[in-house]
Amino acid sequence: MQKKEFQTESKKLLNLMINSIYTHKEVFLRELISNASDALDKLFIREIGKDRSGISRENLKIQIEVDQENRKLKVSDNGCGMSEAEMDEHLGVIAKSGTLDFKNTAESAVEVIGQFGVGFYSAFMVSDKVQVISKAYGSDQAFCWESEGEDGYTIAPCQKEGHGTDVILYLREDSDEEDYSQYLEEYTIRNMVKKYSDYIRYPIIMEVEDYSAEEGEEVKTKEETLNSMVPVWRLSKEEQDEKANQFYKDKFFDFNDPLTKISVSIEGMVSYRALLFIPAQIPYGYYTKNFEKGLQLYSNDVLIMETCPDLLPDHFAFVRGVVDSADFSLNISREMLQHDRQLKLIAKNLERRIRNELTKMLTDDRETYEKFWSAFGLQLKYGVYQDFGMHKEDLQDLLMFHSLEKGKNITLKEYIEAMPEEQKEIYYATGETHLKSSKMPQTEMVRAKGFDILSLSEEIDEFALKILREYDEKPFRSVSDAQLDVMSPEEKKELEDFNAENQSLLYDMTETLKSQIKAVRLSTRLKDNPVCLVSEGEISLEMERVLEAMPDSRGQVKAERILEINPHHPIFTTLQSLAGKPQELKKYTELLYDQALLMAGFSLDDPTDFSNRIIEFMTTAKKEEE
Ligand code: ADP
């Protein structure tokens, strides 16, 4: 029989397949099953309108058969089949336009597979020889196409019952690098079908071992449908509600039900379905670099990418789910997807849907939102900060912070709504805990005025607020900011007078601490506490602390510190009485500064020295008493 040559392009590709270094060899089964499914679709669609009684959808199926002994793997379908001419045309060429210009390298393999879709040819990645026995629907004659690779192929008449196609792979012998025998194992085949072809709409049937046999009895076999066939995202709303949670748990390995699901079905410029989930708990390793965000991408129920990162923005990286769109080809590569316009459209749409869902949860089901927030609030705050605040407007209404007044989380909108009329800014305090924040001396006057304070306890918080700058035209203001201005005109006037009277005292104190702070001044915010530290400019004390903890920014940025003294506190009278005793004043000033540092959560450079100075004070005080 005369051998026919493959067309040049196909020959190159075939060569690539045969010597393939492509690492995802297992996709060959997906490709063959997908071709079989197409053939069943074609038969069904082509014949359905003609009212031919022979075809009912229930009888259409895909069958996998294994012959361990002869290392044969067969994938059959009773679809449209191929005539001799069709075999020649479809299996002898790659029906794609454009020239193939590639070298036989690993990168090139991935690239070519991504670009052209190797489909049927992928069979050669695992086989020495491939036979295709096919009988076109309505024809009496079957044909057998056969090839051992590059040399070419033959087509000859043969016998076959019924219409459809059998693709028979003669698997290669195992080598040191590759275990081809695994493709003859029930376990591997099951997994491959589950992973890539679970939602093919026709049953994929295989003869499997039946373990129900009693002891001593011979293990029997039975036919089993390996795929679940119906993708949850195609179910009716009621059925989906029922099945979605189980689907989520199986698919994404979570023990808990998701907090909520988002179901999307769009017909239009791009058509797609999506089923998304918001987990109830932080997935293992979520806040680490190793976490891979992304959604599963399907094309017509066939998995094409396990985690497609471009479908989700970073700030919603916690979302899990699937997207199915017939608009993507089975073999589109990661690189091409990245630039795909349709993918971008889908991603944009999904981003909006997720945001709307969260907004709805926040208004309608606060309890669930609180759960969401405790798991992923940090992610949203990072989202505000990321990309120079590009997403801040989209995310700001989803943020929550702890209110010192209410003792619970509130949104920025809720904060604004509860503001007294005379309040012009949104106040916040930074401490490791809400308790610490509530005891900060800097909060005294703000709270006495009846203004609420947001207590920030996470490192990212203040950075996020700095990026936001304002909410509803109300700027954010730290209670430790030198510019804080909550005094009444009378209080201001009084402070001015005090300042004028105590200029030289304040000057002497500033001189003492010159190397560490910018100035000592009378406080604009204290009521009962004697002293506190505040900062001037963009970098706050808290930000300085966070930046100090990062190796690459250590020592680079410093907050401009100001020591504030409460003129109404008895200590101030003591300080005034030390005029003319520079040594004494110096000691007092240094101790007050150290105390302000401690209250602000800083550690002292020399705690032993600090302790000794306190002891000395205590001893002198006792002596003076006697
Ligand atoms: P693609 O499926 O992307 O078109 P393939 O190389 O996988 O490319 O297949 C080439 C063509 O061979 C198919 O388009 C189809 O016409 C034909 N073909 C492959 N497998 C079958 C099958 N099981 N039944 C009928 N036709 C098939």
task = Would you confirm whether N70, through its side chain, and K72, through its main-chain N or O, come within 3.5 Å as a donor-acceptor pair?
result = no
ask   = What residues form a side chain to side chain donor-acceptor pair (under 3.5 Å) with Q182, not counting sequence neighbours?
value = none
task = Would you please name every residue forming a side-chain contact (heavy atoms from CB on, under 4.5 Å) with M390, sequence neighbours left out?
result = D387
query = Can you find a pair of side-chain heavy atoms, one from Q141 and one from K135, that are under 4.5 Å apart?
reply = no
request  = Assess the pair Y382 and Y385: is the distance between their ring centroids shorter than 6.0 Å?
outcome  = no
ask   = Any side-chain heavy-atom pair from Q379 and Y287 closer than 4.5 angstrom?
value = yes
Pairwise side-chain contact, I204 with M206, heavy-atom cut-off 4.5 Å (strictly under) = no
message = Could you check whether R71 pairs with D174 (Lys NZ or Arg NE/NH1/NH2 to Asp/Glu carboxylate O, under 4.0 Å)?
response = yes
task = Taking all heavy atoms of D41 and all of Y202, pick out the closest pair and write down the distance.
result = OD1-OH, 2.5 Å
task = Side-chain contact test, heavy atoms from C-beta onward, threshold under 4.5 Å: evaluate it for K42 versus Y137 and give yes or no.
result = no
query = Is K237 salt-bridged to D241, cutoff N-O under 4.0 Å?
reply = yes
ask   = What orientation do F372 and F376 show, parallel under 30°, tilted 30 to 60°, or perpendicular over 60°?
value = tilted
task = Using atom types as modelled and distance alone, determine if a side-chain donor or acceptor of H163 lies under 3.5 Å from a backbone N or O of N78.
result = yes
ask   = Is there a donor-acceptor contact under 3.5 Å linking the side chains of E357 and T260?
value = yes
query = Does the pair E178 and R172 meet the rule for a salt bridge (Lys or Arg N to Asp or Glu O under 4.0 Å), with working shown?
reply = CA-CA 9 Å; E178 286 289 340; R172 297 186 195 184; over 6 Å; no
key: Beyond-backbone contact of Q246 with K249, side-chain heavy atoms, under 4.5 angstrom   = yes
ask   = Among side-chain atoms of D364 and Y369, is any donor-acceptor pair under 3.5 angstrom?
value = no
Over 12 foreign heavy atoms within 6.0 Å of NZ, K194 = yes
query = Does a side-chain heavy-atom distance below 4.5 Å link W145 with S134?
reply = no
request  = With sequence neighbours left out, write down each residue that passes ring-ring contact (aromatic ring centres under 6.0 Å, His included) with Y248, or none if nothing qualifies.
outcome  = F252, F277
query = Does atom NZ of K61 have more than 12 heavy-atom neighbours, drawn from other residues, nucleotides or ligands, at distances under 6.0 Å?
reply = no
task = Could I get the full list of ring-ring contact (aromatic ring centres under 6.0 Å, His included) partners for F143, not counting sequence neighbours?
result = none
inquiry  = Side chains of L398 and R355, heavy atoms from C-beta outward: is any pair under 4.5 Å?
reply    = yes
message = Can you tell me if D552 has over 12 outside heavy atoms packed within less than 6.0 Å of its CG?
response = yes
request  = For Y170, enumerate each residue passing the ring-ring contact (aromatic ring centres under 6.0 Å, His included) test, keeping only those at least two apart in sequence or located in another chain.
outcome  = none
message = Are more than 12 heavy atoms, taken from residues, nucleotides or ligands other than K348, located less than 6.0 Å from that residue's NZ atom?
response = no
ask   = Got S147 and F124 here, is their nearest side-chain heavy-atom distance under 4.5 Å?
value = yes
query = Would you say M269 has more than 12 foreign heavy atoms packed within less than 6.0 Å of its CE?
reply = no
ask   = Has Q68 got more than 12 heavy atoms of other residues, nucleotides or ligands less than 6.0 Å from its CD?
value = yes
query = With distance as the sole test, does D327 use its side chain to make a donor-acceptor pair with the main-chain N or O of S271 at under 3.5 Å?
reply = yes
request  = Carefully, step by step, assess R366 and E370 under the rule salt bridge (Lys or Arg N to Asp or Glu O under 4.0 Å).
outcome  = CA-CA 6 Å; R366 184 68 166 233; E370 287 278 351; 3.8 Å; yes
query = Any side-chain donor-acceptor pair under 3.5 Å between N349 and R352?
reply = yes
Between side-chain atoms of residues 311-324 and protein atoms elsewhere (two or more places apart, or another chain), which donor-acceptor pairs fall under 3.5 Å?
| residue | atom | partner | partner atom | Å |
| --- | --- | --- | --- | --- |
| D314 | OD1 | K293 | NZ | 3.0 |
| H315 | NE2 | E351 | OE2 | 2.9 |
| D324 | OD1 | N300 | N | 2.9 |
| D324 | OD2 | W233 | NE1 | 2.9 |
| D324 | OD2 | R234 | NH2 | 3.2 |
| D324 | OD2 | D301 | N | 2.9 |

